[in-house]
Amino acid sequence: MTAQMDEKIIPIYQEVLARNPGEVEFHQAVREVLESLGPVLTKHPEFAHYKIIERICEPERQIIFRVPWVDHQGKVQINRGFRVEFNSALGPYKGGLRFHPSVYLGIIKFLGFEQIFKNSLTGLPIGGGKGGSDFDPKGKTDGEVMRFCQSFMTELYRHIGEHTDVPAGDIGVGGREIGFMFGQYKRITNRWEAGVLTGKGLNWGGSLVRTEATGYGAAYFVDEMLKVRGESFDGKTCVVSGSGNVAIYTIEKIHQLGGKVVACSDSSGYIYDEKGIDLELVQQLKEIERRRIEAYVDYRKHAKYITKGNIWEVPCQVAMPSATQNEINGKDAALLVKNGCIAVGEGANMPTTPEGVKIFLDAKIAYGPGKAANAGGVATSALEMQQNAVRDSWDFEETEARLHKIMKNVHRDCFEMAEKYGAPGNYVIGANIAGFIKVARAMLAMGVV
Ligand code: GLU
């Protein structure tokens, strides 16, 4: 556990457990935020009086639906679709869609809950939501993915809109899927409504830098944490787990900032390349050929592929988990610290277990939790919405400069809030409190709704 929970908050948490049985990832995400909020209630009794925490823990709306589709053999398949519209105090619900076989309500609720505070931290007018399906895109043909996306949108379209709820990508949902879903939305509604989805293609309403944004933003966040400690990426050995969109652009930015990434992974194992990961090769394999990372060693003979290996055993100074939830446990965290890791920046959502977080905080290394460190993706989605609203598009440099500034501000707000609440250097407390207070104030202003 990261901290003791305040006694005023324990009954609230117990109620969350009782009302949401079996949703362990959701419990974990709620617990981690609630553990930070005791001192906030002491300072702001009005938040307790108006039951702001209780209300934040209950989604405004949860939609679960059937997604039937026909596979390439002509067989009928049935998946389950979700959209959890968690909180709209700061703006329309905003958050990605995840297509992965592990998806169930507890995963979507943990992601939606995290998204509320992350989106608040960006300083942009976006509420929190998340959706997805237990559909597994792995090994599916383009035609199957298209038919699935069309069926998914045939239900989802009635719940979303540029002023209501704006989905985007997450694990298993990238440019291809957003294209298929946008096409179906446009066909059903007869509206070319750019602002309904983000992560669109560049010639039909998308924003430059959105593809790179989560990874670039995470590297910028770590850069800021290092600066505070009089350090930089320059010459540092880094490990980035995953090899999807977040990992790829994290690696690219680390290399631009002078660090060297020596390992990345997928769910089957990891590659170790002491000369530094060849990013173009990873992009070719993952983004174009949609192959496993194992193929890397066919092209780079000096590199090693470790089947089923644990990437956190690779010694590094900076670790950036960018694969999925709970990928770093207590043992992994202890190993990282023992091997000399001084900074961890989370590109994925909730990639460290509570035991792991405690180890990082006790060791006093720079630990940037996902809701702060990976906020650059959704922030750039909000920039895409801004451009759509004024029917404009900005160039790469301008958009990246805005992303960079947003990440510096997110870092500063978390850093200062941690100091203010007597926990200097603790970005968990800083991010949770800074994210929460903005939403709480807006909810208070809007009455009991
Ligand atoms: N799925 C991303 C996240 O976890 C991005 C969401 C968005 O762009 O709306 O924040």
Side-chain angles (χ1 to χ4, degrees), residues 1-10 12-13 16 26-45 47-48 52-53 56-57 87 110 113-123 128 218 221-222 224-229 319 321 325-326 328 330 333 337 341-375 407-441:
M1 297 306 133
T2 50
Q4 279 297 304
M5 200 178 283
D6 188 280
E7 60 177 29
K8 294 187 286 299
I9 296 184
I10 292 172
I12 305 178
Y13 181 62
V16 169
F26 179 52
H27 301 164
Q28 184 183 334
V30 169
R31 173 164 200 139
E32 194 235 325
V33 171
L34 264 48
E35 280 175 346
S36 300
L37 297 183
V40 182
L41 285 194
T42 309
K43 233 187 187 128
H44 294 277
F47 292 162
I52 298 292
I53 299 182
I56 278 191
C57 292
N87 193 294
F110 117 64
F113 185 75
E114 289 266 303
Q115 203 84 44
I116 304 170
F117 307 99
K118 181 197 303 192
N119 294 6
S120 163
L121 285 171
T122 67
F221 190 91
V222 170
E224 292 299 309
M225 293 198 300
L226 289 170
K227 267 190 216 155
V228 167
R229 293 166 176 245
Q325 65 273 356
N326 292 328
I328 296 184
V337 171
C341 180
I342 59 163
V344 176
E346 296 183 338
N349 290 311
M350 205 169 75
T352 310
T353 64
E355 295 73 27
V357 173
K358 185 176 178 339
I359 286 167
F360 291 147
L361 293 178
D362 287 350
K364 299 216 177 294
I365 67 165
Y367 168 66
K371 63 172 79 67
N374 73 38
M407 293 315 296
K408 283 183 170 194
N409 292 345
V410 172
H411 173 272
R412 185 205 55 211
D413 290 354
C414 296
F415 185 82
E416 289 179 0
M417 195 58 89
E419 299 234 303
K420 186 170 166 189
Y421 276 84
N426 185 326
Y427 293 94
V428 174
I429 287 182
N432 287 338
I433 298 185
F436 171 79
I437 286 184
K438 232 175 277 171
V439 181
R441 289 216 167 101

Undergrad: Charged N to carboxylate O under 4.0 angstrom, Glu355 versus Lys358?
TA: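 A salt bridge is absent here (no side-chain N lies under 4.0 Å from a carboxylate O).
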Undergrad: With side chains defined as the heavy atoms from C-beta onward, is the minimum distance between Leu37 and Phe47 less than 4.5 Å?
TA: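 Counting from C-beta outward, Leu37 and Phe47 never come under 4.5 Å.
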Undergrad: So do Gln28 and Asn326 actually touch side chain to side chain, heavy atoms under 4.5 Å?
TA: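 Yes, their side chains come closer than 4.5 Å.
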Undergrad: What's the shortest heavy-atom distance between Gly370 and Glu346, and which atoms?
TA: N-OE1, 2.7 Å
Undergrad: Which heavy atom of Cys57 sits nearest to which heavy atom of Leu34, and what is that distance?
TA: SG-CD1, 4.2 Å
Undergrad: Would one find more than 12 heavy atoms of other residues, nucleotides or ligands at under 6.0 Å from atom NZ of Lys227?
TA: yes
Undergrad: To the closest 0.5 Å, what do you measure between CD1 (Ile52) and CZ (Arg441)?
TA: 11.5 Å
Undergrad: Looking at Lys371 and Phe117, would you say the former's side chain and the latter's main chain have a donor-acceptor pair under 3.5 Å?
TA: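 No; zero donor-acceptor contacts below 3.5 Å.
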Undergrad: Are the side chain of Asn374 and the backbone N or O of Ala348 linked by a donor-acceptor pair below 3.5 Å?
TA: yes
Undergrad: Does the side chain of Lys43 come within less than 4.5 Å of Tyr421's, by heavy atoms?
TA: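 Tyr421 vs Lys43: side chains touch.
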Undergrad: Do side-chain atoms of Gln115 reach the backbone of Gly128 as a donor and acceptor pair under 3.5 angstrom?
TA: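 No, the answer is negative, given that no donor and acceptor are paired below the 3.5 Å cut-off.
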Undergrad: Tell me whether the rings of Phe415 and His411 are parallel (<30°), tilted (30 to 60°) or perpendicular (>60°).
TA: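 Ring orientation of Phe415 relative to His411: parallel.
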Undergrad: Side-chain contact test, heavy atoms from C-beta onward, threshold under 4.5 Å: evaluate it for Val337 versus Asp362 and give yes or no.
TA: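 No, every pair of side-chain atoms sits at 4.5 Å or beyond.
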Undergrad: Spell out, as yes or no, whether a donor-acceptor pair under 3.5 Å connects the side chain of Thr122 to the backbone of Lys118.
TA: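 No, Thr122 side chain to Lys118 backbone: no donor-acceptor pair under 3.5 Å.
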Undergrad: Kindly indicate, with the supporting measurements, whether the criterion side-chain contact (heavy atoms from CB on, under 4.5 Å) is fulfilled by Thr352 and Tyr367.
TA: CA-CA 10 Å; Thr352 310; Tyr367 168 66; 4.0 Å; yes
Undergrad: Restricting to non-hydrogen atoms, name the atom on Ala423 and the atom on Ile429 that form the minimum distance, rounded to 0.1 Å.
TA: CB-CD1, 3.8 Å
Undergrad: What pair of heavy atoms forms the shortest contact from Val410 to Ala372, and how long is it?
TA: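 Heavy atoms only, the tightest pair is CG1-O, 3.8 Å.
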Undergrad: Apply side-chain contact (heavy atoms from CB on, under 4.5 Å) to residues Ile116 and Phe436 and explain how you reach the verdict.
TA: CA-CA 8 Å; Ile116 304 170; Phe436 171 79; over 6 Å; no
Undergrad: Strictly distance-based, threshold 3.5 Å: is any side-chain N or O of Asn432 a donor or acceptor partner for the main-chain N or O of Glu32?
TA: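 Looks like yes, one N/O pair under 3.5 Å.
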Undergrad: Tell me, please, which residues at least two apart from His27 pass ring pair (Phe, Tyr, Trp, His ring centres under 6.0 Å).
TA: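 If we apply the ring pair (Phe, Tyr, Trp, His ring centres under 6.0 Å) test to His27, skipping adjacent residues, there are no hits.
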Undergrad: Measuring from Glu114:CD to Met350:CE, what's the distance to the nearest 0.5 Å?
TA: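 Going from CD on Glu114 over to CE on Met350, the span is 6.5 Å.
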Undergrad: After noting the C-alpha distance and the side-chain angles of Leu226 and Ile342, does the key distance pass the side-chain contact (heavy atoms from CB on, under 4.5 Å) rule?
TA: CA-CA 9 Å; Leu226 289 170; Ile342 59 163; 4.0 Å; yes
Undergrad: Report the distance from atom CD1 of Ile53 to atom CD1 of Ile9, rounding to the nearest 0.5 Å.
TA: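 So the CD1 of Ile53 and the CD1 of Ile9 are separated by 4.0 Å.
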Undergrad: How far apart are the closest heavy atoms of Gly345 and Val222, and which atoms are they?
TA: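 Looking at all heavy atoms of both residues, the shortest contact is CA-CG2, 3.6 Å.
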Undergrad: Could you work out, with salt bridge (Lys or Arg N to Asp or Glu O under 4.0 Å) as the rule, every residue matching Asp6, not counting sequence neighbours?
TA: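 Asp6 satisfies salt bridge (Lys or Arg N to Asp or Glu O under 4.0 Å) with Lys8 only.
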Undergrad: Roughly how far apart are Met5 CE and Arg31 CZ, rounded to 0.5 Å?
TA: 4.5 Å
Undergrad: Does the side-chain contact (heavy atoms from CB on, under 4.5 Å) test come out yes or no for Ile437 and Met417, once each step is laid out?
TA: CA-CA 10 Å; Ile437 286 184; Met417 195 58 89; 4.2 Å; yes
Undergrad: Compare every heavy atom of Phe110 with every heavy atom of Asn349, then report the nearest pair and how far apart it is.
TA: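 Heavy-atom minimum between the residues: O-CZ, 3.7 Å.
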Undergrad: Let me confirm one number: the CD-CG distance from Glu7 to Leu41, rounded to the nearest 0.5 Å.
TA: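 Answer rounded to 0.5 Å: 12.0 Å.
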